[in-house]
Amino acid sequence: TATTLMIHNVPRRVTVSELHWLLDTCGFVGEVDFLHLPSVERRKVNTGFAFVNFLTADAALRAMTFLNQYHFPGSKRKCRATFAKVQGKRANEQHLGDQAQFGGRS
């Protein structure tokens, strides 16, 4: 059962905190244990996609449904959520190593 999503079409100005706030305010409080938003350091922007792991497959499916309908304010492109190739918090932390940005909050 898949729990990790790759979110495409994230506006480059969005931060990890803003993405986590979006997920919290849209009903996923306490359901995310991993969030990674790759960035281009020298430009201080993200790369346009993120990886989010949910505690359950049900939460991941609900988030996918929500995100596939969502437009970030000011963006012309709709988000697109797909199941990530790497699944699970531990596997993502191992895959990303020191690059992992968010391990979850209680």
Side-chain angles (χ1 to χ4, degrees):
T1 56
T3 58
T4 306
L5 301 181
M6 180 177 185
I7 305 169
H8 308 262
N9 300 331
V10 176
R12 298 204 186 255
R13 70 188 183 292
V14 170
T15 66
V16 171
S17 295
E18 291 169 332
L19 186 54
H20 196 272
W21 178 85
L22 169 69
L23 293 167
D24 277 357
T25 58
C26 293
F28 299 99
V29 174
E31 296 194 69
V32 173
D33 65 358
F34 180 86
L35 191 155
H36 178 64
L37 182 66
S39 63
V40 180
E41 277 300 314
R42 67 182 181 276
R43 295 173 123 192
K44 307 250 190 262
V45 296
N46 72 62
T47 56
F49 58 91
F51 298 93
V52 181
N53 188 69
F54 294 86
L55 295 177
T56 65
D58 178 65
L61 283 171
R62 287 186 292 112
M64 180 182 281
T65 300
F66 167 76
L67 290 164
N68 281 331
Q69 312 273 328
Y70 186 75
H71 280 84
F72 280 92
S75 177
K76 295 179 182 177
R77 299 173 79 185
K78 187 168 35 172
C79 281
R80 184 170 60 91
T82 59
F83 290 115
K85 289 182 183 175
V86 178
Q87 287 293 314
K89 178 183 177 184
R90 180 171 287 165
N92 273 284
E93 288 173 337
Q94 289 174 343
H95 180 73
L96 292 168
D98 292 340
Q99 295 177 24
Q101 297 168 325
F102 173 80
R105 43 180 153 172
S106 46

Point-to-point distance, once rounded to the nearest 0.5 Å, from [atom1] of [X] to [atom2] of [Y]:
X	Y	atom1	atom2	value
L35	L23	CG	CG	6.5 Å
L19	L37	CG	CG	6.0 Å
K85	N92	NZ	CG	13.0 Å
I7	Y70	CD1	OH	11.0 Å

Please report the closest heavy-atom contact between P11 and N46, naming both atoms and the distance. O-ND2, 2.8 Å
Side-chain donor/acceptor of S75 to backbone N/O of H71, under 3.5 Å: no
Validation: residues 47-64 side-chain donor-acceptor distances under 3.5 Å, sequence neighbours left out:
residue	atom	partner	partner atom	Å
T47	OG1	P38	O	3.4
N53	OD1	T3	OG1	2.7
N53	OD1	T4	OG1	2.5
N53	ND2	D33	OD1	2.7
T56	OG1	A59	N	3.0
D58	OD2	R62	NE	3.2
R62	NH2	E31	OE1	2.7
R62	NH2	E31	OE2	3.0

Residues forming a ring-ring contact (aromatic ring centres under 6.0 Å, His included) with F83, sequence neighbours excluded: none
Taking only residues two or more places apart in sequence, or in another chain, which ones meet E18 in a side-chain contact (heavy atoms from CB on, under 4.5 Å)? V14, T15
Who passes side-chain contact (heavy atoms from CB on, under 4.5 Å) against R80, sequence neighbours left out? H8, N9, N68, T82
Passes side chain to side chain contact (heavy atoms under 4.5 Å, CB included), L96 versus F34? Steps please. CA-CA 11 Å; L96 292 168; F34 180 86; 3.4 Å; yes
